[in-house]
Amino acid sequence: MKTLKSRSDFERVFTQGKRYNHSLIRLVISDAESEGDPGRVAFAAPKRLGNAVVRNRSKRVLREAARSCSLPVAGKDLILFATPATRSASPFEMHEALIGLCRIAGLDG
């Protein structure tokens, strides 16, 4: 799974991307920089969610949901944000939430 790493890429997706919200996940989608680029994904958990253990668990569950949905999609850059409800969500609930967001966003997920 390719990930967004540079600050400039993260900011580009965040400022130019389209946002989709669910109580468990927030999704930001933007087109990749050039036409043939493979898709990339980033996982974010803000400090307000809790300590490092809580944030890392949230990102782990987000990563697993992204894997099960076959993300990232070629030509798209994505950022998945954890929400306070992510802390207590099961992996199955996260998978279902992400499937719903992908369907709304028009991704093959």
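All residue numbers in this chain count up from 1 along the given sequence.
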Undergrad: Find out if a path of hydrophobic residues (ILVMFWY) with successive side-chain heavy-atom gaps under 4.5 Å connects F10 to L80.
TA: no
Undergrad: Please enumerate all residues that pass side chain to side chain donor-acceptor pair (under 3.5 Å) together with S23, with sequence neighbours excluded.
TA: none
Undergrad: Hey, could you give me the CG/CG distance between L71 and L98, rounded to the nearest 0.5 Å?
TA: 5.5 Å
Undergrad: When you measure from the centre of the six-membered ring of F81, is the NZ or CZ of R19 under 6.0 Å away and within 45° of the axis?
TA: no
Undergrad: Please tabulate, for the side chains in residues 84-92, all donor-acceptor contacts under 3.5 angstrom to protein atoms that are two or more places apart in sequence or on a different chain.
TA:
unit_1	atom_1	unit_2	atom_2	d
T86	OG1	L24	O	2.5
T86	OG1	T83	N	2.9
T86	OG1	T83	O	3.2
T86	OG1	T83	OG1	3.2
R87	NE	P84	O	3.4
R87	NH1	L49	O	2.8
S90	OG	E93	N	3.2

Undergrad: May I ask you to say whether R7 pairs ionically with E11, meaning some side-chain N is under 4.0 Å from a carboxylate O?
TA: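 Result for this pair is yes, salt bridge flagged.
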Undergrad: Tell me the closest heavy-atom pair linking V61 and M94, and the distance in Å.
TA: CG1-CG, 3.1 Å
Undergrad: Ignoring hydrogens, what is the shortest heavy-atom contact between I79 and F14? Give both atom names and the distance.
TA: CD1-N, 4.1 Å
Undergrad: Starting from M1, can I reach V28 by hopping between I/L/V/M/F/W/Y residues whose side chains sit under 4.5 Å apart?
TA: no
Undergrad: Looking at SG of C69 and CZ of R103, how far apart are the two atoms once the value is rounded to the nearest 0.5 Å?
TA: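 The distance works out to 9.5 Å.
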Undergrad: Can you name the nearest heavy-atom pair linking A32 to D77, along with the distance?
TA: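 Of all heavy-atom pairs spanning A32 and D77, the closest is CA-OD2, 3.7 Å.
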Undergrad: E33 vs D9, test: side chain to side chain contact (heavy atoms under 4.5 Å, CB included). Steps then yes/no.
TA: CA-CA 9 Å; E33 285 186 287; D9 286 341; 3.5 Å; yes
Undergrad: Minimum heavy-atom separation for R55 and P46, please, with both atom names.
TA: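 Residues R55 and P46, closest heavy atoms: CD-O, 3.3 Å.
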Undergrad: According to a hydrophobic-cluster definition based on side-chain heavy atoms being under 4.5 Å apart (Ile, Leu, Val, Met, Phe, Trp, Tyr only), do V13 and V41 belong together?
TA: no
Undergrad: Minimum heavy-atom separation for L62 and A82, please, with both atom names.
TA: CD1-N, 3.8 Å
Undergrad: Checking K59 now: which residues fulfil side chain to side chain donor-acceptor pair (under 3.5 Å) with it, not counting sequence neighbours?
TA: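 With sequence neighbours excluded, K59 shows a side chain to side chain donor-acceptor pair (under 3.5 Å) to no residue whatsoever.
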Undergrad: Do F43 and L101 belong to the same hydrophobic cluster, where Ile, Leu, Val, Met, Phe, Trp and Tyr are linked whenever their side-chain heavy atoms lie under 4.5 Å apart, directly or via other members?
TA: yes
Undergrad: Is it true that L107 and I25 fall in one hydrophobic cluster, defined by side-chain heavy atoms closer than 4.5 Å?
TA: yes
Undergrad: Give the minimum heavy-atom separation between L78 and L4, together with the two atoms involved.
TA: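 Looking at all heavy atoms of both residues, the closest pair is O-CD1, 3.6 Å.
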Undergrad: Between R12 and S30, is any pair of side-chain heavy atoms under 4.5 Å apart?
TA: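 Sidechains of S30 and R12: in contact.
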